[in-house]
Amino acid sequence: MALIGLVRDGADSQEARLQRQALEPICSRLFEQTASRRRLINNRPGLLAAVAEVGDGDVLTVTHARSLSTSTVDGLETLLDLVDRGVIVKVLNGLAAGEHTGDSELLPDSRELRQLRRELQSSRIRAGIQAAREQGVSHGRPRIISDETQLEIRMRRDRGESLRSIAGSAGVSIGTTHRVLTQLGCSQGTLSPRP
């Protein structure tokens, strides 16, 4: 069984040095993860490299749960993701100190915390969208294209502009541009006369 160490290298060089001092004597290999706000393991090259090095029976080792992410709470979420991938994780100090596998005692509470956090974030987002609607702010692209925008699309197409160019200047999608031109009776870039 080998211990594979992971150091989170952030703005505080003193903290990174302390992590290295704690991990170097006990780990066979040491990896560094540059501090970032990315949460998904697949978007974090240093962590991915460390996980790839962990073989059967090997243990990914960190000094604290926050060494896995930007905060202790995010670190616990990353810990859960790693354990769900089948990686054994050892945390030397702090809230999550100990060795964690699929049957770790800490995991059910951490999963509940993760679920509560996601529900809170979701409710805040919904509340923000609702408050914006009440103030008359709409989100997304407009569902109805104004007569002025339709006229602009038609005139630009008559001048031979591409759908992409027209969409960009009118502030609509290429699909919407195509739909408007189809409804107006455009054929092969020119408008056919209306009956």
Side-chain angles (χ1 to χ4, degrees), residues 1-133 137-141 173 175:
M1 177 182 89
L3 298 181
I4 309 299
L6 179 70
V7 173
R8 184 170 189 275
D9 193 6
D12 186 357
S13 59
Q14 174 74 6
E15 184 179 336
R17 187 180 60 75
L18 292 172
Q19 290 177 59
R20 280 188 207 89
Q21 285 178 348
L23 295 172
E24 282 176 346
I26 61 172
C27 295
S28 62
R29 191 118 190 252
L30 208 57
F31 289 86
E32 290 195 16
Q33 170 63 54
T34 304
S36 98
R37 293 189 168 270
R38 295 177 179 169
R39 289 190 179 166
L40 296 178
I41 293 171
N42 291 339
N43 293 336
R44 299 168 58 195
L47 179 55
L48 274 177
V51 168
E53 186 71 19
V54 175
D56 288 339
D58 294 343
V59 178
L60 180 65
T61 308
V62 294
T63 56
H64 294 83
R66 73 175 178 269
S67 300
L68 292 169
S69 194
T70 56
S71 68
T72 300
V73 175
D74 288 343
L76 288 172
E77 284 196 32
T78 303
L79 174 64
L80 284 172
D81 292 342
L82 288 167
V83 170
D84 289 344
R85 286 178 175 224
V87 177
I88 300 170
V89 181
K90 182 175 186 173
V91 180
L92 300 179
N93 305 303
L95 175 67
E99 195 168 292
H100 303 284
T101 60
D103 58 356
S104 174
E105 293 177 12
L106 175 72
L107 298 183
D109 292 337
S110 297
R111 282 189 172 87
E112 186 176 341
L113 177 63
R114 175 170 61 182
Q115 183 62 31
L116 288 172
R117 185 174 183 215
R118 287 180 179 173
E119 289 172 5
L120 179 62
Q121 287 173 334
S122 179
S123 67
R124 285 180 177 167
I125 290 169
R126 283 193 303 270
I129 291 171
Q130 183 60 36
R133 282 185 186 146
V137 177
S138 62
H139 290 74
R141 293 189 175 153
S173 70

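Values below: every heavy atom of this structure, side chains too, minus hydrogens, waters and symmetry copies.
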Chemist: Atom CZ of Arg117 and atom CG of Asp74: how far apart are they, to the nearest 0.5 Å?
Modeler: 4.0 Å
Chemist: State, yes or no, whether a side-chain contact exists between Ser67 and Gln19 at a heavy-atom distance under 4.5 Å.
Modeler: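 Yes, at least one pair of side-chain atoms sits under 4.5 Å.
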Chemist: Could you list the residues that satisfy side-chain hydrogen bond (donor to acceptor under 3.5 Å, both in side chains) with Glu24, not counting sequence neighbours?
Modeler: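 Partners of Glu24 under the side-chain hydrogen bond (donor to acceptor under 3.5 Å, both in side chains) test: none.
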Chemist: Ser28: which residues meet the side-chain hydrogen bond (donor to acceptor under 3.5 Å, both in side chains) condition with it, sequence neighbours left out?
Modeler: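 In terms of side-chain hydrogen bond (donor to acceptor under 3.5 Å, both in side chains), with neighbours along the sequence ignored, Ser28 is linked to no residue.
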Chemist: Ser122: which residues meet the side-chain hydrogen bond (donor to acceptor under 3.5 Å, both in side chains) condition with it, sequence neighbours left out?
Modeler: Arg126
Chemist: Please give me the minimum heavy-atom distance between Glu53 and Asp58, naming the atom from each residue.
Modeler: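 Shortest heavy-atom separation between Glu53 and Asp58 comes out as O-OD2, 3.9 Å.
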Chemist: Working to the nearest 0.5 angstrom, can you tell me the gap between Ser69 OG and Leu76 CG?
Modeler: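 Between atom OG of Ser69 and atom CG of Leu76 there are 10.0 Å.
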Chemist: Can you give the donor-acceptor pairs under 3.5 Å from side chains of residues 83-98 to other protein atoms, not counting sequence neighbours?
Modeler:
residue : atom : partner : partner atom : Å
Asp84   : OD1  : Arg111  : NH2          : 2.3
Arg85   : NH2  : Asn42   : OD1          : 2.9

Chemist: Kindly indicate whether the side chain of Val7, heavy atoms from C-beta on, has any atom under 4.5 Å from the side chain of Leu23.
Modeler: yes
Chemist: So, for Arg8 and Ala16, which heavy atoms are closest and what is the spacing to 0.1 Å?
Modeler: O-CB, 4.2 Å
Chemist: Residues in side-chain hydrogen bond (donor to acceptor under 3.5 Å, both in side chains) with Glu112, at least two apart?
Modeler: none
Chemist: Would the distance check show the side chain of Arg29 and the main-chain N or O of Ala2 forming a donor-acceptor pair, the cut-off being under 3.5 Å?
Modeler: no
Chemist: Sequence neighbours excluded, which residues qualify as side chain to side chain contact (heavy atoms under 4.5 Å, CB included) partners of Gln115?
Modeler: Glu119
Chemist: Please step through side-chain hydrogen bond (donor to acceptor under 3.5 Å, both in side chains) for the pair Gln14 and Arg17, ending with a clear verdict.
Modeler: CA-CA 5 Å; Gln14 174 74 6; Arg17 187 180 60 75; 2.9 Å; yes
Chemist: Apply side-chain contact (heavy atoms from CB on, under 4.5 Å) to residues His64 and Glu15 and explain how you reach the verdict.
Modeler: CA-CA 11 Å; His64 294 83; Glu15 184 179 336; over 6 Å; no
Chemist: Take Leu18 and Thr63, measure what side-chain contact (heavy atoms from CB on, under 4.5 Å) needs, and give me the verdict at the end.
Modeler: CA-CA 9 Å; Leu18 292 172; Thr63 56; over 6 Å; no
Chemist: Within the 4.5 Å heavy-atom criterion, are Ser123 and Leu120 side-chain neighbours or not?
Modeler: yes
Chemist: Please find the pair of heavy atoms, one from Ile4 and one from Cys27, that lie closest to each other, and give the distance.
Modeler: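 Residues Ile4 and Cys27, closest heavy atoms: C-SG, 4.2 Å.
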Chemist: What closest approach, in Å, do Leu30 and Leu6 show between heavy atoms, and which atom pair accounts for it?
Modeler: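 Looking at all heavy atoms of both residues, the shortest contact is CD1-N, 4.4 Å.
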Chemist: Mind checking the CD1-CG spacing from Ile26 to Leu3? Nearest 0.5 Å is all I need.
Modeler: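 It comes to 5.5 Å.
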Chemist: What are the two closest non-hydrogen atoms of Gly75 and Leu68, and how far apart are they?
Modeler: O-CD1, 3.7 Å
